[in-house]
Amino acid sequence: MSIQSTSGIDDSGPIDHPSRSDGFVRGASELIGGPLGDHAVALDRPAGREGRFWTAARIVLALVCLTLALHWVQKSPCQDGAWQNNVQYTRMCYSDVLALYYAEGLNEGKVPYVDHPVEYPVLTGYFMGALGLPVHAFGVDHPGINQGQWFYNLNALVLGALAVATVAVILNLRRRRPWDAAMFALAPALVLTATVNWDLLAVGLAAFGLLAWARRRPATAGVLLGLAGAAKLWPLFLFGPILVLGLRAGRLRAALTAAGTGLVAVVAVNLPIAIPYRDNWNRFFDLSTTRDIDWGTLWYIGRYLDGKINPSKPGELGPFEWLSAHISTLNWVSYLLFGLACAGVAALAFFARRRPRLAQLAFLVVAAFLIFSKVWSQQFVLWLLPLAVLARPRWGAFLAWQVAEVCYFVAFYGELLGSATGKPVFPEGVFVLAASLRLITVAVLCGFVIRDILHPDRDAVRTTYADDPDGGVLDGVEDAPWYHRLRRRPADDSGSAEPAVV
């Protein structure tokens with residue numbers, strides 16, 4: 001029987017070592033002498049008692065700092081804003097952070113939403129203004145500085161701190177599996193996309209929201225997830241798994257508390273802008289509704305295949321080509337498919353013999369949103385990174401996905417450069433192939449997570465923890481009595497329910 005701390009997170013037991021428990025890492029370790037030996041007693045001490053400075057957690061934190069430093073170097077050719085000869089594409093260093101400092105009028109001292117419509121949810125706009133307006137004011141008094149570069153570097157510093165904080169949260173949630181956090185810390189996608197946009201703001205807030213839930217503080221979790229959803233929409237989807245699991249476990253009150261406080265947080269952040277500056281606030285929703293099919297999405301791939309596999313006759317359109325010409329219908333098709341996927345995840349949560357872990361369902365929901373969305377920007381990979389680590393900390397499929405993301409990143413910049421110069425860098429089929437590989441590897445990860453849910457003995461986290469270290473009030477509790485009655489064996493005439501499965 002596991003020993004839980006009062007925080008709700010199981011901290012007891014020895015540290016998991018991937019060279020022993022992960023088949024991919026065990027095989028790769030043969031290149032450097034094989035898995036960790038049985039006599040490495042010092043490394044098998046319980047979490048927090050390693051007795052040396054370079055603990056696993058500190059190593060992982062150092063690694064994410066190194067990754068972020070590499071990212072800063074990778075983006076450095078674009079930091080001065082002098083994007084001559086398409087350097088932002090040839091060096092693959094483009095960043096919305098720098099471009100929108102000028103496009104959103106921050107360089108002129110315009111207040112987001114008040115003086116200028118912003119294409120992002122309000123907390124992202126607040127964040128832009130909180131960093132951009134002081135830079136502009138300082139630049140007025142010091143005209144010799146490059147305001148755009150200062151703004152980018154200030155954002156890189158804050159967003160980098162949020163990335164480090166996200167790793168710290170993963171380490172806190174996985175004290176007995178600290179090397180899981182290295183998957184996030186060393187992710188190639190983090191090197192390439194950390195400051196392409198402000199997505200790490202939502203990632204960091206959502207990570208703290210999950211930590212608060214794991215610490216059995218549903219109200220705090222709701223506020224943090226609500227704030228994350230006010231920065232980017234996707235964290236609001238996490239309330240679905242919380243509610244479904246809370247219903248199955250008979251902990252609906254805590255789940256409703258989280259959802260309720262999350263709703264209050266979203267409303268409280270939006271109202272000061274939505275009421276007096278309705279049109280500027282509504283820019284995000286207008287753009288989301290009217291935006292065409294974006295590069296690299298399922299719909300983009302389908303439209304390309306329409307033209308290759310079944311070329312249309314004059315006046316005729318293939319199904320994806322037709323949807324591309326009827327965006328309002330595409331919106332509803334996308335919403336319907338995402339809704340069906342969410343219903344499938346809910347059914348999986350109710351009908352799985354053992355109650356799934358929160359991170360597993362959260363990953364599936366966010367992945368489904370990306371798969372069926374008409375927009376899948378390069379930096380959206382950051383949404384899935386922490387959820388993938390918490391849902392399925394296995395290196396093999398994770399690295400395959402990351403390789404696919406790197407291939408897509410390179411192909412995407414080739415597409416951008418070709419569009420800017422009018423001279424294709426790669427054949428269009430290369431870009432579509434890279435986009436397809438990204439979509440397929442995410443779908444494969446979803447398949448592995450579903451398999452782990454249906455066969456909990458394959459779940460890496462449950463080989464270390466008794467139940468769900470992210471579950472908070474759900475961790476270690478039996479399913480609700482109504483659920484046992486629902487799952488009662490038909491042949492059981494005695495009226496007894498199935499044994500509790502937690």
Side-chain angles (χ1 to χ4, degrees), residues 71-72 74-140 143 145-159 192-202 230-233 273-274 277-296 374-380 382 409 412-413 415-421:
H71 170 78
W72 186 87
Q74 196 271 324
K75 296 299 180 191
S76 60
C78 288
Q79 289 182 22
D80 61 2
W83 295 352
Q84 302 296 322
N85 300 316
N86 294 308
V87 66
Q88 71 273 32
Y89 304 144
T90 59
R91 300 290 186 88
M92 297 182 285
C93 58
Y94 172 83
S95 172
D96 286 334
V97 173
L98 184 55
L100 294 181
Y101 179 72
Y102 301 99
E104 300 290 354
L106 293 169
N107 65 312
E108 301 172 8
K110 292 183 179 180
V111 179
Y113 305 106
V114 177
D115 301 319
H116 192 277
V118 179
E119 62 184 270
Y120 299 114
V122 290
L123 195 63
T124 297
Y126 292 161
F127 187 81
M128 293 163 62
L131 298 185
L133 296 178
V135 168
H136 167 71
F138 185 79
V140 170
I145 72 167
N146 184 327
Q147 291 186 31
Q149 188 169 9
W150 276 58
F151 179 68
Y152 171 79
N153 283 308
L154 183 57
N155 275 272
L157 183 64
V158 177
L159 294 173
L192 298 174
T193 67
T195 62
V196 168
N197 201 281
W198 290 274
D199 294 77
L200 280 174
L201 173 62
K232 297 284 183 176
L233 185 63
I273 298 298
Y277 310 104
R278 179 63 178 269
D279 291 340
N280 289 350
W281 171 80
N282 207 39
R283 171 63 175 159
F284 166 72
F285 300 99
D286 288 341
L287 183 63
S288 299
T289 302
T290 60
R291 189 168 181 173
D292 292 333
I293 290 175
D294 200 19
W295 288 354
K374 65 178 181 179
V375 179
W376 192 343
S377 299
Q378 54 174 318
Q379 74 277 4
F380 288 2
L382 297 173
F409 182 85
F412 177 75
Y413 274 94
E415 196 81 352
L416 284 172
L417 182 59
S419 178
T421 62

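- For the pair Thr193 (side chain) and Gln378 (backbone), a donor-acceptor distance under 3.5 Å is absent.
- Taken to the nearest 0.5 Å, the CD atom of Gln147 stands 7.0 Å off from the OH atom of Tyr102.
- Atom CG of residue Leu131 and atom CG of residue Leu154 lie 4.5 Å apart, to the nearest 0.5 angstrom.
- Remark: Met92 CE to Leu192 CG distance equals 7.5 Å, nearest 0.5 Å.
- For the atom pair CG of Leu417 and OH of Tyr413, the computed distance is 11.5 Å after rounding to the nearest 0.5 Å.
- Applying the side chain to side chain contact (heavy atoms under 4.5 Å, CB included) test to Ala99 and every residue at least two apart in sequence or in another chain returns Trp83, Tyr94.
- In this structure the side chain of Thr195 never reaches within 4.5 angstrom of the side chain of Asn155, judged on heavy atoms.
- Shown here are the side chain to side chain contact (heavy atoms under 4.5 Å, CB included) partners of Trp150, two or more places apart in sequence or in another chain: Val135, Phe138, Ile145.
- For Tyr101, the ring-ring contact (aromatic ring centres under 6.0 Å, His included) partners are Phe151, not counting sequence neighbours.
- A donor-acceptor pair under 3.5 Å links the side-chain atoms of Asn146 to the main chain of Gly148, judged by distance alone.
- Panel note: side chain Ser95, backbone Val97; a donor-acceptor pair is recorded below 3.5 Å.
- Taking CZ from Phe380 and CH2 from Trp376, the interatomic distance works out to 10.5 Å, rounded to the nearest 0.5 Å.
- One distance of note links CG of Leu98 with CG of Asn153; it measures 9.5 Å at 0.5 Å rounding.
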N/O donor-acceptor pairs under 3.5 Å from side chains in residues 287-294, not counting sequence neighbours:
unit_1, atom_1, unit_2, atom_2, d
Ser288, OG, Phe284, O, 2.8
Thr289, OG1, Phe285, O, 2.8
Thr290, OG1, Asp286, O, 2.8

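- Between Leu200 and Leu382, the closest heavy-atom pair is CG-CD1, 4.1 Å.
- When every heavy atom of Lys75 is checked against every heavy atom of Cys93, the shortest pair comes out as CD-O, 3.5 Å.
- When all heavy atoms of Val140 and Pro143 are compared, the pair lying nearest together is O-CD, 4.0 Å.
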Show the atom names and distances, to 0.1 Å, of all donor-acceptor pairs under 3.5 Å that link a side chain in residues 115-130 to residues at least two apart or in another chain.
unit_1, atom_1, unit_2, atom_2, d
Asp115, OD2, Val111, N, 2.9
His116, ND1, Glu104, OE1, 3.0
Tyr120, OH, Asn197, ND2, 2.8
Thr124, OG1, Ala231, O, 2.6
Tyr126, OH, Val269, O, 2.8

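- Considering only residues two or more places apart in sequence or on other chains, Lys110 meets the salt bridge (charged side-chain N to carboxylate O under 4.0 Å, His left out) condition with Glu108.
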